[in-house]
2 protein chains.
Amino acid sequence: MLKMRKTIVIYGLALAVLTLLLNVLEYKFFIRDLSMEVYMGLIAIMFTIVGIWVATKIIRRKTETVIKEVPVLVQQSHFELNEKELQRLGISNREYDVLEQMSQGLSNQEIADKLYVSLNTVKTHASNLYIKLDVKRRTQAVQRAKELGLIP
Amino acid sequence: MLKMRKTIVIYGLALAVLTLLLNVLEYKFFIRDLSMEVYMGLIAIMFTIVGIWVATKIIRRKTETVIKEVPVLVQQSHFELNEKELQRLGISNREYDVLEQMSQGLSNQEIADKLYVSLNTVKTHASNLYIKLDVKRRTQAVQRAKELGLIP
DNA sequence: ATTCTCTTCATACTAAAGTATGATTTCCAG
DNA sequence: CTGGAAATCATACTTTAGTATGAAGAGAAT
């Protein structure tokens, strides 16, 4: 609002200066000889320019901010482990580790290497997992685990 | 640019109308009696308003577009098959059938029974799939296929 | 007509997965 | 301190998965 007042002051001054200028021109160069239409046209154009200038001064600060909401697909960033299900099914820590690696598509041997245990150990954990998840194969285990929110 | 031309036309018309109006006023109501300053002031104010109007018409198009990225969790509720990938990888119809059943956690034998083909046929399709998907195991194949949008 | 892909299937393997059982150690709770 | 769960591993075995190779019919494309 402070700037508004400033704009009005500037506008008033500009008007005064132009009026003076026109008066000076009027008496010094006999512009009165020109037809009224041309005279008015000049003033009109001048003040249209002034108007545009004023408008830009005012409106520049009132730029319409169009907030365009662009939907961004987020790949499952919100996974939260369903610990209740884990407990309910009685899945142990190590079994869960194996399940995780399984869901990454690793073979039993690769899981064994990653977890620093023997192949047989992984097989045992896997077998126990299948019983607890009530499935027969690892592909089903991964499917079921995802359904139950045990893995992302 | 089309809109610019339209604005100019409107402006020209407005100027003409106002000039005419002033001429009519001039001869009918003896406005000439008013001092030149007041007369000019009125014209100035009028055309300042016109200028502002023109300016708003022009400037309104300078809207600041703030692109706000809204994260949208897509729970893959509506799956749309990525046929381009299927073609790119050269996966045949039958191979895709096997892939689908595979992702359901079925064994090769179960898939064979479901598709009314022999176990060996399923194995062949599976093997070819692994080559095309560049994976080694069915678990990885399912994973990869999901990433590529081949299966839900 | 013949080349090519898809589909089917077989045989013969190798590799991996999965089951069953038992043993050992560690660690926690009753 | 002791019974039980958890974790580890082994041996032995069965079942599935996966590879390699070849073959043959069907249909589309050239």
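The basis for the numbers below is simple: all heavy atoms, side chains too, and nothing from hydrogens, waters or symmetry mates. Naming: A, B, ... by sequence-line order, numbering from 1 per chain. In this text, all values refer to a predicted model and were calculated from it rather than measured experimentally.
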Residues within residues 132-151 of chain A bordering DNA chain D, heavy-atom distance below 4.0 Å: Arg137(A)
Once you build an axis from the first five pairs and another from the last five of the helix from dA1(C)-dT30(D) to dC27(C)-dG4(D), how far apart in angle are they, to 10 degrees? 40°
Side-chain heavy atoms of Leu115(B) within contact of Thr121(B), under 4.5 Å: no
Is the shortest side-chain heavy-atom distance between Thr139(A) and Met102(B) below 4.5 Å? no
Sorted by chain and residue number, the side chain to side chain donor-acceptor pair (under 3.5 Å) partners of Ser103(B) (sequence neighbours excluded) come out as none
Test item: Tyr96(A) and Leu99(A) side chains (from C-beta on) under 4.5 Å apart, heavy atoms: yes
Here the pair of heavy atoms bringing Leu106(B) nearest to Arg138(B) is O-NH1, 2.8 Å
Kindly indicate whether the side chain of Gln143(A), heavy atoms from C-beta on, has any atom under 4.5 Å from the side chain of Lys146(A). no
Within this structure, what is the OH-to-P distance between Tyr116(A) and dC9(D), rounded to whole angstrom? 13 Å
Whole-Å distance, Ile131(B) CD1 to dC6(C) P, equals 13 Å
I need the residues from residues 83-108 of chain B with at least one non-hydrogen atom less than 4.0 Å from DNA chain C; give them sorted by number, or say none. Ser92(B), Asn93(B), Arg94(B)
Footprint string (nucleotides 23-30 of chain C, 5' to 3'): B base within contact, S backbone only, - free, heavy atoms under 4.0 Å: --------
Which residue pairs pass the salt bridge (charged side-chain N to carboxylate O under 4.0 Å, His left out) test with at least one member in residues 102-119 of chain B, sequence neighbours excluded? Arg137(A)-Glu110(B)
For DNA chain C, which residues of residues 119-128 of chain B approach it to below 4.0 angstrom with any heavy atom? Asn120(B), Thr121(B), Thr124(B), His125(B)
For Asp97(B), all residues meeting salt bridge (Lys or Arg N to Asp or Glu O under 4.0 Å), sequence neighbours excluded: Arg94(B)
Between Leu129(B) (CG) and dC6(C) (P), how many Å, whole number? 12 Å
Rounded to whole Å, the CG-C1' distance (Asp113(B) to dT16(D)) equals 14 Å
By side-chain contact (heavy atoms from CB on, under 4.5 Å), which residues pair with Lys136(B), not counting sequence neighbours? Gln140(B)
Enumerate, atom names and distances included, each donor-acceptor pair closer than 3.5 Å involving a side-chain atom of residues 123-134 of chain A, sequence neighbours excluded.
unit_1    : atom_1 : unit_2    : atom_2 : d
Thr124(A) : OG1    : Asn120(A) : O      : 2.8
Asn128(A) : ND2    : Thr124(A) : O      : 3.2
Lys132(A) : NZ     : Gly90(A)  : O      : 2.7
Lys132(A) : NZ     : Glu95(A)  : OE1    : 2.7
Lys132(A) : NZ     : Glu95(A)  : OE2    : 3.1

Side-chain heavy atoms under 4.5 angstrom apart, residues restricted to Ile, Leu, Val, Met, Phe, Trp, Tyr: same cluster for Leu119(B) and Val117(B)? no
Excluding sequence neighbours, so at least two apart, what forms side chain to side chain donor-acceptor pair (under 3.5 Å) with Gln104(B)? none
Between Gln109(A) (CD) and dG18(D) (C1'), how many Å, whole number? 17 Å
In the 5'-to-3' direction, what one-character label does each nucleotide of nucleotides 23-30 of chain D receive under the scheme B = base within less than 4.0 Å of a protein heavy atom, S = sugar-phosphate only, - = no such atom? --------
When rounded to the nearest 0.5 angstrom, what distance separates CD in Gln109(A) from OG in Ser118(A)? 9.0 Å
